[in-house]
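Just below is one structure, and these are the notes that go with it.
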Amino acid sequence: MQYDFTAIEKRWQERWAQLGTFRTLNPGDPGFDPNAPKYYVLDMFPYPSGVGLHVGHPLGYIATDIIARYKRTRGFNVLHPMGYDAFGLPAEQFAVEHGVHPRITTEKNIANMTRQLKRLGLSYDWDRALATTDEEYYRWTQWIFLQLHNAWFDPSKKQARPIAELIRGLESEQYLIDADGELVYAGAGRDLTALTGQPIGTRTWGELTQEARLNLLDEVRLAYLAEVNVNWCPALGTVLANEEVTNDGKSERGNHPVFKRPLKQWMLRITALADRLESDLSMVDWPEAIKLMQRNWIGRSTGARVEFDVAFSDGARPRGDSVDVGEAGDGSETISVFTTRPDTLFGATYMVLAPEHPMVESLTSGAQWPAVEEYRRQTAAKSDAQRQAEAASGQKTGVFTGGYALNPVNNERIPVWIADYVMTGYGTGAIMAVPAHDERDWAFAKQFHLPIRQVVAPADGKEIDITVAAFCQEGVAVDSANESISLDGRPTAEAKALITRWLEENGLGRGMVQYKLRDWLFSRQRYWGEPFPVLHAPDGRVVALDESELPVRLPEMADFSPTASDDPAAPPQPPLARAPDAWKYVTRSGTRYARELNTMPQWAGSCWYYLRFIDPKNGKRFVSAEAERYWMKGGIDLYVGGAEHAVLHLLYARFWHKVLFDLGHVSTPEPFGRLFNQGYIQAHAYTDARGVYLPAEEIQERGGKHYHNGEEVKQEFGKMGKSLKNSVAPDEVCDQYGCDTLRLYEMYLGPLDQSKVWNTRDIIGVHRFLQRVWRLFIDETTGNPRVADAAPSPEVTRLLHKTIKRVTDAMEALSFNVAIAALIEMNNELLKQYPPEAKDKALPIAVAEPFVLMLAPLAPHMAEELWSKLGHADTLARERWPSFDPQMLVEETVEYPVQINGKLRGRVTVPSDADNLAIETAARADEKVQASLDHRATDCVAQVLTSAEFTAALLILSPFGAINDKTRVVPKDAAHDE
RNA sequence: GCGGGCGUGGCGGAAUUGGCAGACGCGCCAGACUUAGGAUCUGGUCCCGAAAGGGGUGGAGGUUCGACUCCUCUCGCCCGCACCA
C-alpha cells in the first residue's frame, strides 16, 4: 500500500469538517477553557478574485495554519478565521463588462476560493467565515461610520469623544467659539486650534443660532463632508484614491486620464489621530521597515508657524497699522508659513506661495498680474509627471507677485513669489525661503538671482561658501540678532527653542507640529460598496440615521454601471443616482430626505473584519465585549500578510480601532500586536523575440537554455499572474502531489519573509520526503504500521531529542524551512536504523509518535493518517507537542575542533565528561595539532571553549597571544552545569 | 535625490552569543534494481591541487587569537517615498 495522498487528504478534510475539529469556542461557550492562553492568528483579508488562487496566494495562509496547529498542541485556545473582502472595483468592473450582478459574481468567486482553500487543509474555523458584502456585516460597517460621524477629536484629551460630550461642554461654557468660528477651551484660558493673536470676541453656545451650532458641530466631526480636490476620472465615472492613479496621471485600471477637480466628499479626520498613530507604533511588534513606512507616511515634523505681515509696494508699514490699501489687500493680512528651521528666520530673503494660495490675488501688483495669471494657468495644466521631471532636474519655475512681506525678526521687506515647488496641501501652502540653508530655496534663489544670506555656520568652525551650495545641516547661528533677541553662537537646537519662544511672546508665531498625512477621502462613485447611513435634508443639511435603521441595503438595480464620460467637467453621476425613488428618498414627518448616493471605499470593510471574526453572528453588537476582551488582549498575536498593505490598510484599520477604543467599544489601543510580512512567490516568465509572454508551462529547458516549440526564448521572472502567463494553480499541485506536499514545498522554499522563485521541478524533493516517511512507518505490502514497543537505542533517543529541540525552536522562529530540514534529517537517519526491507527492525513507538506530532502542523493529513495507523481513534489536533530533555542531548563522546590562532588545525574525540586538561592533552597529542605547534614556542596557553550544546571549540593560543578580555571563556565544567 | 533591506556552491537555502562555512533539498555525476519510470535505492558533488596543503560567504580595508556574523568605504540588486518647507 503506497502513499495515497488523494484518498488520505480527502478523508481527513471530511473528518475535520464532520467532527468540527477546528471550531473555536468563545468565552461563555460550553466547554470553553478560560484558563488556557489565547492565540489569535490572522491572515490578511483576501479579495475573492474571479481567476482563482495561484500558488503564491496561500504562502501566508499555510504559514499561519502551521502556527495555528502548532499553538493548539501547545495548549492555546487558537482563533484562526478566514473571510472575504468582497466589495470593490474588480467585482464591479467584471460585472459591468459581463452584465452580471456583482453579488452573483462575488458569491461565485467566494465559493470557488473557499473550495481552493479547503483543499489545502487549512484549519480555519469556517463557521466564522464572513464577507464584507453580507448585509449583517456591512450593517456594522455603517454603524462604525455613525460612530465616527457622532464623534469629534478632543484636543485637550487627545481622544475621540462623542459629539454629545462636546455639546455638554459648550452648554456649560467650558468651550467658547472665537471670532473665526473656532472652538476655544475656556478652562485652560488659551485657544486650542486658532493660532493667531487673541480672539476679538468669543461667543457662547447660547449666543449661536441653531444653524451656527449645527455648522460648528459638522466641522469637528471625525466623518465630515468637505469640498476637496479629488482625482476625478470621467471615463470610469468615479473619483480615485491617490494610489489608484499612476505617476503619469492615468487611472491604474484602464489607463484613462485623471483630473484634479473639487468635489464635495465624505472625509475621515485621520489627521486628528496622526500623533498617536505615530507614537503608538512603539507599542507593537512589527517589522521595522513597516513602522518606518508608516512614520514616513504620517510625516511628523516639528517646527514653528510664523506670521509675516504683508507689506505693500508703496513701502514697508509698521505692523498693526491698518491702512486702506485699495485693491491690493485689506491691510491686516498676514502670510502664515510653517518652518522646521525657525532658527534660520534671519536668513529668510524672500517668500513663496503655492500658485493656488488664496492670498495670491490680493498680493499681486497690477504690473505682475498677467505673468502670475499665466503661471497659474501653466502649473494647473502641468501633469504630475512633468512636475516630477522638473523636480528631479533641479529646475525651478516661479513668478514674482510684485508684493512684499515683512520679516518679523528684522522688519526687512522681502519679495513674495509664487512657485509650484511649494504645495497647497502641506503646511500653510506658503514658505519663508532661506536659500542659504535649504536646497530648494537655494536652487530657486540661484535661478532668479535672489539674495542668499548665511545665518548658520558649521559647528566645527569650518569655512563654507554659501554661493556654491546650501548648508542644510545643523550648526551654530550667526548674524541672527535684533534689538530684543540674539541667536548668535547658539547651536541649532537651542536657537530653535529660543526664537520660537520669542515669536510666541511677541505674538508672531508659535511652535507647532505638522503632518504629511491628509484626511482620508472616503466617498466613491460606485455601486458595489457600503451605502452611507445618512440622509440629506432639503436644506442641504446631513442627518445621520439612527442605529436602529441599519443596515441601509444596496438597492436592486438592473444597471449598476458608472456613468462614463470624456468630458472632465461632466457632473459625477454615481450609479445609485439611478436607483428607484423608493430607495433614494425617505419621507419623515412630511419632509423628503434624499439618500447619499456615494458608497464607501473598499478599505472600509477591511478596517474591522478582525473584530467581527471574534463574534461573527452577533446580531446585537458588532462584537461581544467579553469575547473582544479575551481575544484582543495584547492585540492580534500574529498577523501575516504582504508588505503592500504597509501604510494604507494598516493605517486605516489602526485609525478606526483607536476611535473605537476611545469611545469604549474595544479594549485595546492597537489591533495588531505582531505583524509579519511574508515575501512574494515569484516565477519565471518567458518572452519570445517580439517580447510577448509565452505560457510558462509550455517551455522546455535544455542545458540552461529555454525553448518554446524549438525556438529559444528569454527567461525573466516576476510576480506570478495572468499578465506574465506564469501562474501555477494550487489545484494542479494538489492533484499531482497532494496538498501536504504543496504545503511543505512552499515552506521549504526559504524564509517566510523573503521573496522566492517557484520552481515546479523542485517539488519532488519534499514529496520524496513524505514518501520516505510513509515507508518508514508503513509496510507497503501489508499496509500495517512497522512499529514496536521496543526501547530505542541511546543514539536514536538523542536524535529524537535533538530534533524536538530543533523543530520547536524553528517553529517559534517561523523558520519552517529549518523545521522541515530537521525532520528530513531525522527521517533519513531512522530509515538507516530501521530500513523497510529489514522485517525484524520496527520503529519504536516512543520515537514514532513524537515524530508524527512534529510533522502534524506541516503535513497534517499524512500525520493524522499515521496517527490513526498507530492506533489512535482521535485526531491529533489537540495532542501535546513533544518536549525534549536537555539531559538527553549530551553525547557520550564529543568531537572537538581544535583551533590554533583561530584556524582549524585538527579534531579530537574525547568522552563528554572530559575536563579541560583532558581535552587539552588529547588535542596536544593529535598529530596535526602537533605539526602546527611544532614551529611555535612550546609554552602555549590553551583554552577550552564550550557552549551549552554538544559542539565546542578548543582554542590554543600562541605565547604572544595571551587571552584578552574580549575572549569569552566558558569553563568546561560550568557549561555542563546548565 | 532621501530612507530601508539584501548579496553564501550550478540553483533554493542552513549556520544560537563572533568559535568546525555550505545542514537540508533541487540539479548534476557514477552505480544498483527493474513490472523501463518524471519510480526507488547507494555513493559522490565549493574552488585549486596527485597528495600534503592552500583558498573561499559581492569587492577593498579595519577590529579580533578567531569574522558569513562587528566597524568603515565601495559595487550590485530589490523595496518605499519623492520639491513635505
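These numbers come from the heavy atoms of this one structure, side chains and all, not from hydrogens, waters or symmetry mates. Per chain, numbering begins at 1; letters A, B, ... match sequence-line order. Please read all numbers here as calculations on a predicted model, not as lab measurements.
Side-chain proximity of A/Met423 to the nucleotides B/rC24, B/rC83, B/rG27 is greatest for B/rC83. With distances taken from any side-chain atom of A/Tyr748 to the nucleotides B/rG12, B/rG13, B/rG27, the minimum falls on B/rG12. Distance from the side chain of A/Asp762 is smallest for B/rC26 among the nucleotides B/rG4, B/rC26, B/rA85. Which of B/rA23, B/rC81, B/rC83 sits closest to the side chain of A/Tyr421 comes down to B/rC83. Each of B/rG27, B/rG4, B/rA85 was ranked by its minimum atom distance to the side chain of A/Thr340; first place goes to B/rA85. The A/Val422 side chain lies nearest to B/rA85 when the options are B/rG4, B/rC83, B/rA85. Taking every side-chain heavy atom of A/Arg761 into account, B/rC26 is the closest of B/rG13, B/rC26, B/rG3. Comparing atom distances between the A/Tyr426 side chain and each of B/rC83, B/rG13, B/rA85 picks out B/rA85 as nearest.
The gap from the C1' atom of B/rG12 to that of B/rG27 amounts to 11 Å, rounded to the nearest Å. Rounded to whole Å, the P atom of B/rG9 lies 13 Å from the corresponding atom of B/rA23. Comparing the same atom, C1', in B/rU64 and in B/rG18 gives a spacing of 9 Å after rounding to whole Å. Separation of the P atoms belonging to B/rU16 and B/rC68 is 12 Å when rounded to the nearest angstrom. Annotation: B/rC75 and B/rG53 have their P atoms spaced 41 Å apart (nearest Å). Nucleotides B/rA15 and B/rU8, compared at atom C1', are 10 Å apart to the nearest Å. Distance noted for atom C1' between B/rC46 and B/rG56: 8 Å (whole Å). When the C1' atom is compared between B/rU57 and B/rG4, the two are found 23 Å apart, to the nearest whole Å.
We find the OG1-CZ distance between A/Thr492 and A/Arg341 to be 4.5 Å, quoted to the nearest 0.5 Å. Here A/Asn759 contributes atom CG and A/Ile764 contributes atom CD1; the two are 13.5 Å apart, rounded to the nearest 0.5 Å.
Nucleotide B/rC11 has B/rG25 as its partner under the Watson-Crick or G-U criteria, with both atom distances under 3.5 Å.
The six-membered or imidazole ring of A/Trp297 lies away from that of A/Tyr515, with a centre-to-centre distance of 6.0 Å or more. Proximity of the aromatic rings of A/Tyr421 and A/Phe444 is defined here by a centroid distance below 6.0 angstrom, and this criterion is met. Checked against a 6.0 Å centroid threshold, the rings of A/His767 and A/Phe5 count as neighbours.
One can place CG of A/Asn759 at 15 Å from C1' of B/rG38, the figure rounded to the nearest angstrom. Rounded to an integer number of Å, the gap from A/Leu749 CG to B/rA14 P is 11 Å. If you take CG of A/Asp441 and P of B/rA85, they are 12 Å apart, rounded to a whole angstrom. Note: CG (A/Leu648) to C1' (B/rG80) measures 12 Å, nearest angstrom. In this structure, the CD1 atom of A/Ile290 is 9 Å from the C1' atom of B/rG80, given to the nearest Å. Counting to the nearest Å, the P atom of B/rC26 and the NE2 atom of A/His767 are 12 Å from each other. Distance CH2 (A/Trp297) to C1' (B/rG3): 15 Å, rounded to an integer number of Å. Between A/Phe308 atom CZ and B/rA85 atom P there is a gap of 16 Å when expressed in whole angstrom units.
Residue A/Gln754 places at least one side-chain N or O closer than 4.0 Å to OP1 or OP2 of B/rG13.
Using cut-offs of 30° and 60° on the angle between ring planes, the pair A/His645 and A/His649 is perpendicular.
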Start with the C-alpha gap between A/Phe676 and A/Trp286, add the side-chain angles, then the distance that decides, and say whether ring pair (Phe, Tyr, Trp, His ring centres under 6.0 Å) holds. CA-CA 7 Å; A/Phe676 190 93; A/Trp286 288 17; over 10 Å; no

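Nucleic acid contact class of A/Asn828 (heavy atoms, under 4.0 Å, all strands): sugar-phosphate only. Counting any heavy atom pair closer than 4.0 Å across all strands shown, A/Glu288 reaches no nucleic acid atom. As judged by a 4.0 angstrom heavy-atom cut-off over every strand, A/Met293 is placed among residues touching the sugar-phosphate backbone only. Contacts of A/Val757 with the nucleic acid, taken as non-hydrogen atoms under 4.0 Å apart, are absent.
The nearest heavy atom of RNA chain B to A/Met432 and to A/Pro751 marks one nucleotide each, and the one closer to the 5' end goes with A/Pro751. Comparing A/Gly429 and A/Glu825 against RNA chain B, the residue whose closest nucleotide sits nearer the 5' end is A/Glu825.
Under 3.5 Å, the side chains of A/Ser301 and A/Tyr426 contain a donor-acceptor pair of N or O atoms. For A/Glu829 and A/Tyr834, the side-chain atoms include no donor-acceptor pair closer than 3.5 Å. Side-chain atoms of A/Thr334 and A/Glu307 form a donor-acceptor pair, as typed in the model, at a separation below 3.5 Å. For A/Thr271 and A/Asp519, the side-chain atoms include at least one donor-acceptor pair closer than 3.5 Å.
Under the side-chain contact (heavy atoms from CB on, under 4.5 Å) test applied with A/Ile681, the options A/Leu749, A/Val728, A/Val757 reduce to a single match, A/Leu749.
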Quick one: which protein N/O atoms are closer than 3.5 Å to N/O atoms of nucleotides 40-44 of chain B? Pair and distance per line, please.
| from | atom 1 | to | atom 2 | distance (Å) |
| --- | --- | --- | --- | --- |
| B/rU40 | OP1 | A/Gln771 | OE1 | 3.1 |
| B/rU40 | OP2 | A/Arg768 | NE | 3.4 |
| B/rU40 | O3' | A/Arg775 | NH2 | 2.9 |
| B/rC41 | OP1 | A/Arg775 | NH2 | 2.9 |

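At a non-hydrogen distance threshold of 4.0 Å, A/Asn817, A/Val818 from residues 807-818 of chain A come into contact with RNA chain B.
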